[in-house]
Chemist: 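The structure follows.
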Amino acid sequence: MRDLAVLLEGRNLARLFEGLWVTLRLSLSSVLLSIVLGIIVGMFMTLKNPVTRAVSRAYLEFVRIMPQLVLLFLAYFGLTRVFGLNLSGETSAVLVFTVWGTAEMGDLVRGAVTSIPRYQYDSAYALGLTKIQAYIFVIIPQTLRRLVPPAINLTTRMIKTTSLVVLIGVVEVLKVGQQIIEANRYNAPGAALWIYIVIFFLYFLICFPISRFGQLLENKWRD
Amino acid sequence: MLLTVEKLNKAYDGLEVLRNIDLSVEKGEVIVVIGPSGCGKSTLLRCINGLETIRSGSISLNGELLNRPKTDWSSVRQKIGMVFQSYDLFGHLTVMENLLLAPMKVRHEDRKTARIRAEALLERVGLGDKSRAYPRQLSGGQKQRAAIVRALMMEPEIMLFDEVTAALDPEMVREVLDVILELARDGMTMIIVTHEMQFAKAVADRVVFIDGGEIVEQNTPELFFTNPDTERAKRFLNIFQFDTPK
Amino acid sequence: MEWGYIAKYTPMYATAALLTLRIAAVGILLSLVVGLFCAVVRHFKIPILNAIAVGYIELSRNTPLLVQLFLLYFGLPKIGIKLSGEACAVIGLTFLGGSYMAEAFRSGLVAVEKIQHESALSLGLTNGQTMRYVLMPQAAALAVPALTANVIFLIKETSVFSAVALADLMYVAKDLIGLHYNTDEALVLLVAFYIIILLPISLLASLLERRMRYAGFGGTA
């Protein structure tokens, strides 16, 4: 118990939460940017033009096939070299996660838009709705129902993936945990176990309610 | 008596679906159960086969009580063949593999003898050339004939048919009903739930009319379809009559 | 970019890639076993085991692999459980992958019509036989797209293994960047090797998915 008590000493617990806030700030900024850009890119992906198709396809496939950590390395170490840009770890992280999230979100938007069957448009027009009315009352509400649950799922993926930024030197919750462990190496040698358990459950306590909420929406809106 | 159902009651979440059902079936008898949708006729078949638990009453086969806590349903179900509305052939197996699965795994029959029986039965229902086909390559009528053969492979003492033609295109109904008619001629004991009134008239030894979860009338097909005893049966049969417009 | 360096470093990357692939293979196989077990337990709602499976799946899906690895590699030794980096990697990947595979199998099982279960029972098959001969083969076929997506996901996740001191691709890249400042060559090789590993699997996955969608059992496509 001595080892667990380390967390309650000084500002240790507060620092851990500050670290967690860094994680959340990075992932939520990336999610928000991804949603906005993803909607635009998703619309772009539905175009029937072969060139735009090829471009968006290549973008999506490359981002999807590369581990996020590799993308982080490319941004953090590579951009410095190629463009002389010296990005901080945090900026690289938001950049990479947004590039990745935009691809995923774009694909979700594309899937949601193209999955609305033709007859939904036809029957809206047949009822005398104008094109704009059809979109506002029929098409967009249905698209959103297909879009929101996977977008929520993307949020939890983003939060989990953000844990990787510790590997490019960003001081977030894991890093703070390591620092506390280091600082107390002699007076609380067993602290590592407890601190990592606490961090494990902190992630769980954040992600679990979000995934639950996503699941509930998905079950409710399943057609 | 081959099958006896006494005072059977069944409820879903407090909602009664079958009330005080008494029904006995003799060996070789063909019972046709008719009634409006949702009247409980399919549930009755499912209770007999142990797919639904009952609230009270008894079901016995050859005098042996079925609804006991320790019923060996696997061995009971071998004696009771059942064919469902649709989609019940195993999609990942060919017709022949569908027929062989239960004989080999449940009765531990060897492949060769089971195969010989299967081929003969397939030939009889006109599917001699389909043994290697997968279900998705068959028409609805062919699937249902194969499903009947699959049930027959277990050499059941009684067959239950649960609206086996309800999901079929009209032109395929006949080929399936013909198979059932032939089984009746061979003396197979059957309980048939159907909406096909002409067929019911032709095949039934006895018609059981269920409405609102209870047996309202049991009668010979001749009397039931021309002059039923009960007002409710009359009303039900009227649904199928159209007056010529004047 | 110097081609000389590329040639010099390629064997190091190849060795690292083999390590990644070996651990991924073991972890994925174990994930399939764990996933299948959990899916069956959840399908039949076996008491106690079902609750454990649900708890495990939620814990595994809502925490990052990196944190799971830190706990295994740096946390457990404090209570006397010392695992090698490789063992941690395999356990971590299985802990993560098991829940994803379980959900894939389960969605397959849900997609098999209920009537398939009932007609198997009505032929006298037991619940176990029904699962083995009727439900699982169909569920597994339906789950193929989800299962292959999980395989790709898990191979990508292996990129964090360098955090527990495994000499995988990331580890080699980091080493070259940090010690020798050959950043360009290190990054190009890193990307190239992940493409070599993942592109064929990804292509195979989309091929399988198309086959499953248009053909299935007895199809002609």
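Quantities reported herein were computed from a predicted structural model and do not represent experimental measurements. Labels below follow one simple rule: chain letters A, B, ... track the order of the sequence lines, proteins then strands, and each chain is numbered from 1.
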Chemist: Under the side chain to side chain contact (heavy atoms under 4.5 Å, CB included) rule, what do C:Val134 and B:Leu93 come out as? Steps first, then yes or no, please.
Modeler: CA-CA 9 Å; C:Val134 177; B:Leu93 302 177; 5.7 Å; no
Chemist: So, using side chain to side chain donor-acceptor pair (under 3.5 Å) as the criterion, who are the partners of B:Ser139 when residues are at least two apart?
Modeler: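 Here the qualifying residues are B:Gln142.
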Chemist: Mark yes or no for whether B:His92, through its side chain, and C:Tyr133, through its backbone, hold a donor-acceptor pair below 3.5 Å.
Modeler: yes
Chemist: Quick one: CD1 on C:Ile115 to CD on B:Gln85, what's the gap to the nearest 0.5 Å?
Modeler: 8.0 Å
Chemist: Is the CZ atom of C:Phe95 crowded by more than 12 outside heavy atoms at less than 6.0 Å?
Modeler: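 Count over threshold, so yes.
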Chemist: Do you know which of B:Leu51, B:Ile80, B:Asp72 has the most heavy-atom pairs with chain C at a distance under 4.5 angstrom?
Modeler: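 With the most close heavy-atom pairs to chain C, the winner is B:Leu51.
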Chemist: Is there a donor-acceptor contact under 3.5 Å from the side chain of B:Ser74 to the main chain of C:Gly124?
Modeler: yes
Chemist: If I compare all heavy atoms of C:Ser119 with all of B:Phe90, which pair ends up nearest, and what's the gap?
Modeler: OG-CE2, 3.8 Å
Chemist: Around C:Ile81, counting heavy atoms of other residues, nucleotides and ligands shown, do more than 12 lie under 6.0 Å from its CD1?
Modeler: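 Yes, because the 6.0 Å sphere around CD1 of C:Ile81 holds more than 12 heavy atoms from other groups.
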Chemist: Does atom CZ of B:Arg174 have more than 12 heavy-atom neighbours from other groups under 6.0 Å away?
Modeler: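 No, CZ of B:Arg174 has 12 or fewer neighbouring heavy atoms, counting only those of other groups under 6.0 Å.
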Chemist: Drop me the distance from B:Asn49's CG to C:Leu121's CG, to the nearest 0.5 angstrom.
Modeler: 8.5 Å
Chemist: Would you indicate whether C:Phe153, at its atom CZ, is surrounded by more than 12 heavy atoms from other residues, nucleotides or ligands within a distance under 6.0 Å?
Modeler: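 Enclosed: over 12 neighbouring heavy atoms sit under 6.0 Å from CZ of C:Phe153.
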Chemist: Just by distance, do the side chain of C:Glu113 and the backbone of B:Asp88 share a donor-acceptor pair under 3.5 Å?
Modeler: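 Not confirmed, C:Glu113 side chain does not pair with B:Asp88 backbone.
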Chemist: Sort C:Gln129 into side chain, backbone, both or neither according to what part of it lies under 4.5 angstrom from a heavy atom of chain B.
Modeler: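 Side chain of C:Gln129 only, per the 4.5 Å heavy-atom cut-off to chain B.
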Chemist: Would you please go through residues 147-173 of chain B and name the residues with a non-hydrogen atom below 4.5 Å from one of chain C, in numerical order?
Modeler: B:Arg150, B:Ala151, B:Met154
Chemist: Out of B:Arg46, B:Arg132, B:Arg107, which one racks up the most heavy-atom pairs below 4.5 Å with chain C?
Modeler: B:Arg46
Chemist: Once you round to the nearest 0.5 Å, how far does CD of C:Glu118 lie from CZ of B:Arg77?
Modeler: 9.0 Å
